[in-house]
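The figures here come from the full heavy-atom set of this structure, side chains too, leaving out hydrogens, waters and symmetry mates. Along the sequence shown, residues carry numbers from 1.
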Amino acid sequence: MTIKQLSSVLREKTFIDSTTTCLQVLSYFKQGGTHLAIVTKVVTSESSDPYLKKIGLITLEDIIEEILDAEIEDEFEGEGKEERRLQKE
């Protein structure tokens with residue numbers, strides 16, 4: 001596959017600030033175009049200029065799981081997802 005072919009399937013990156021609410025992100029996702037966003041936050045320090053730090057990803061599935069307060073599993077997901085979630089808590 002050439003770079004030109006690859007670039008035809010790539011999409012623009014979507015960035016969401018860490019202070020954005022789930023309902024705001026859901027509204028953005030409903031507008032179409034993407035169901036995935038990179039979560040960022042502004043990092044400031046006295047010794048350098050502020051910069052955006054990537055802190056994670058959020059998907060439409062993540063938001064639906066929060067609304068339903070339940071895990072959504074499909075045939076491609078194994079037990080590892082729940083285990084990773086428990087390790088974070």
Side-chain angles (χ1 to χ4, degrees):
M1 179 176 275
T2 67
I3 298 293
K4 186 175 183 176
Q5 291 170 324
L6 183 59
S7 66
S8 69
V9 296
L10 295 178
R11 296 184 184 185
E12 290 292 318
K13 296 178 288 268
T14 301
F15 295 94
I16 300 289
D17 186 75
S18 62
T19 60
T20 307
T21 67
C22 283
L23 288 177
Q24 290 170 321
V25 176
L26 178 60
S27 176
Y28 180 79
F29 285 166
K30 284 172 53 178
Q31 292 174 12
T34 188
H35 291 158
L36 174 86
I38 300 167
V39 181
T40 61
K41 74 175 185 174
V42 176
V43 177
T44 57
S45 71
E46 294 179 18
S47 61
S48 67
D49 291 335
Y51 64 94
L52 280 180
K53 180 177 180 180
K54 297 171 193 78
I55 59 172
L57 291 172
I58 188 164
T59 65
L60 180 59
E61 181 179 331
D62 294 329
I63 293 175
I64 293 170
E65 288 175 341
E66 285 298 315
I67 292 169
L68 298 177
D69 193 26
E71 286 292 316
I72 299 172
E73 291 192 20
D74 59 31
E75 65 273 16
F76 301 108
E77 292 181 302
E79 299 172 14
K81 185 176 180 181
E82 182 64 25
E83 291 171 11
R84 287 190 302 273
R85 186 176 185 144
L86 291 174
Q87 288 174 354
K88 285 194 270 184
E89 295 175 353

To the nearest 0.5 Å, what is the distance between [atom1] on [X] and [atom2] on [Y]?
{"X": "Leu26", "Y": "His35", "atom1": "CG", "atom2": "NE2", "value": "9.5 Å"}
{"X": "Leu23", "Y": "Glu66", "atom1": "CG", "atom2": "CD", "value": "11.5 Å"}
{"X": "Ile58", "Y": "Ile63", "atom1": "CD1", "atom2": "CD1", "value": "4.0 Å"}
{"X": "Thr40", "Y": "Ile16", "atom1": "OG1", "atom2": "CD1", "value": "8.0 Å"}
{"X": "Asp49", "Y": "Thr44", "atom1": "CG", "atom2": "OG1", "value": "11.0 Å"}
{"X": "Gln24", "Y": "Phe29", "atom1": "CD", "atom2": "CZ", "value": "12.5 Å"}

Please examine the side chains of Thr14 and Ile38, heavy atoms only from C-beta on, and report whether any two atoms are closer than 4.5 Å.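 Result no, sub-4.5 Å side-chain heavy-atom pair not found.
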Verify same cluster id: Val25, Ile67 (apolar side-chain graph, 4.5 Å):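 They do share one cluster, since a chain of ILVMFWY contacts under 4.5 Å joins Val25 to Ile67.
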Apply side-chain contact (heavy atoms from CB on, under 4.5 Å) to the pair Phe15 and Leu52, showing each step before the final yes or no. CA-CA 10 Å; Phe15 295 94; Leu52 280 180; 5.8 Å; no
In this structure, are over 12 heavy atoms from other groups packed under 6.0 Å from Gln5 atom CD?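 Atom CD in Gln5 is packed in, count exceeds 12.
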Verify the neighbour count for atom CD1 of Ile3: are there more than 12 heavy atoms of other residues, nucleotides or ligands below 6.0 Å?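 No, the 6.0 Å shell around CD1 holds no more than 12 heavy atoms from other groups.
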Judged by atom type as modelled, is there a donor-acceptor pair below 3.5 Å linking the side chain of Thr20 to the main-chain atoms of Asp17?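 Yes, the answer is positive, given that a donor and an acceptor are paired below the 3.5 Å cut-off.
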At their closest point, which heavy atom of Ser18 faces which heavy atom of Val39, and how far apart are they?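 Shortest heavy-atom separation between Ser18 and Val39 comes out as CA-CG1, 3.8 Å.
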